[in-house]
Amino acid sequence: MQYLTMICDIKNSKHLRNREEIQYKLIDTLKSANKKFMSFIASPFLITIGDEWQGLLQYPCDYLPVYNYFKENLQDVDFYCGIGVGDITIHNFELTVNQLDGPSFYKAREAVGLAKQQGYTIVYIQ
């Protein structure tokens with residue numbers, strides 16, 4: 001079964017003047033996104049590393065409303081987004097998204113790396 005992993009990373013977060021405020025805004029945005037898009041979220045979005053967050057969506061799905069929701073609710077924040085589509089190797093959805101694994105995650109990690117390297121806002125790898 002295929003899934004879509006979305007990994008987002010705030011650009012230049014170490015240089016943000018209002019970093020703490022943005023962290024709280026991000027937490028609130030992820031909570032509301034998880035409720036709003038729960039019908040096709042396989043594993044809810046959460047902060048994984050400081051200024052990075054990820055979530056796992058059922059596939060196929062329209063991920064753009066989720067991406068746009070983040071853009072609208074985090075207007076003062078520029079971020080990279082990596083999208084990966086593929087299988088996952090751990091299917092225990094009682095675990096959090098950062099405990100899951102598989103090609104969908106590897107592709108999303110590669111995509112966010114390419115976005116950073118090439119200066120793109122979003123990269124999609126299937």
dist N18:CG -> Q23:CD (nearest 0.5 Å) comes out at 10.5 Å
Determine the minimum heavy-atom distance between S104 and G86, stating which atoms define it. CB-O, 3.4 Å
Cluster check L46, I49: I/L/V/M/F/W/Y, side chain < 4.5 angstrom: no
Heavy-atom nearest pair, Y59 first then L4, reads CB-N, 4.0 Å
Heavy-atom check, side chain of S13 versus side chain of R19, under 4.5 Å: yes
Supply the members, apart from Y80, of the Ile/Leu/Val/Met/Phe/Trp/Tyr cluster built from side-chain contacts under 4.5 Å; use none for a lone residue. I7, V112
What are the two closest non-hydrogen atoms of D9 and E52, and how far apart are they? OD1-CB, 4.0 Å
Do you know which two heavy atoms are closest between Q2 and D87, and how far apart they sit? NE2-N, 3.9 Å
With heavy-atom distances below 4.5 Å as the criterion, would you say the side chains of Q75 and K25 are in contact? no
Quick check: closest heavy atoms across F37 and P65, and the distance to 0.1 Å? CZ-O, 3.6 Å
Are V85 and V123 co-members of a hydrophobic cluster defined by side-chain heavy atoms under 4.5 Å apart? no
Listed once per pair and sorted, the ring pair (Phe, Tyr, Trp, His ring centres under 6.0 Å) pairs that draw on residues 103-126, sequence neighbours left out: Y63-Y124
Salt bridge (charged side-chain N to carboxylate O under 4.0 Å, His left out) partners of residues 38-51, not counting sequence neighbours, each pair once: none
Residues which pass side chain to side chain contact (heavy atoms under 4.5 Å, CB included) with K107, listed by chain and number, not counting sequence neighbours: I125
I88 side, atom CD1; T5 side, atom OG1 - distance, nearest 0.5 Å: 7.5 Å
Does the Q99 side chain pair with the main chain of T96, one donor and one acceptor, at a distance under 3.5 Å? yes
Other residues, nucleotides and ligands only: do more than 12 of their heavy atoms fall within 6.0 Å of NZ on K11? yes
Check: L100 and Y3 side chains under 4.5 Å, non-hydrogen atoms: no
Cluster overlap L26 with I122, hydrophobic side-chain contacts below 4.5 Å: yes
Determine whether T89 and P103 make a side-chain contact, defined as any pair of heavy atoms from C-beta on separated by less than 4.5 Å. yes
Would one find more than 12 heavy atoms of other residues, nucleotides or ligands at under 6.0 Å from atom CG of N92? yes
Tell me every residue that passes ring pair (Phe, Tyr, Trp, His ring centres under 6.0 Å) with F45, counting only those two or more places apart in sequence or in another chain. F70
Looking at S43 and L56, would you say the former's side chain and the latter's main chain have a donor-acceptor pair under 3.5 Å? no
Provide the closest heavy-atom pair for M6 versus C81 in the form atom of the first, atom of the second, distance. CG-SG, 3.7 Å
Using the test ring pair (Phe, Tyr, Trp, His ring centres under 6.0 Å), find all partners of Y67 that sit at least two apart in sequence or belong to another chain. F79
Does L16 reach the side chain of E21, with side-chain heavy atoms less than 4.5 Å apart? no
Identify whether I10 and I47 are in the same connected component of the hydrophobic contact network (ILVMFWY, side-chain heavy atoms under 4.5 Å). yes
Are F40 and M1 connected, step by step, through hydrophobic side chains (Ile, Leu, Val, Met, Phe, Trp, Tyr) whose heavy atoms are closer than 4.5 Å? no
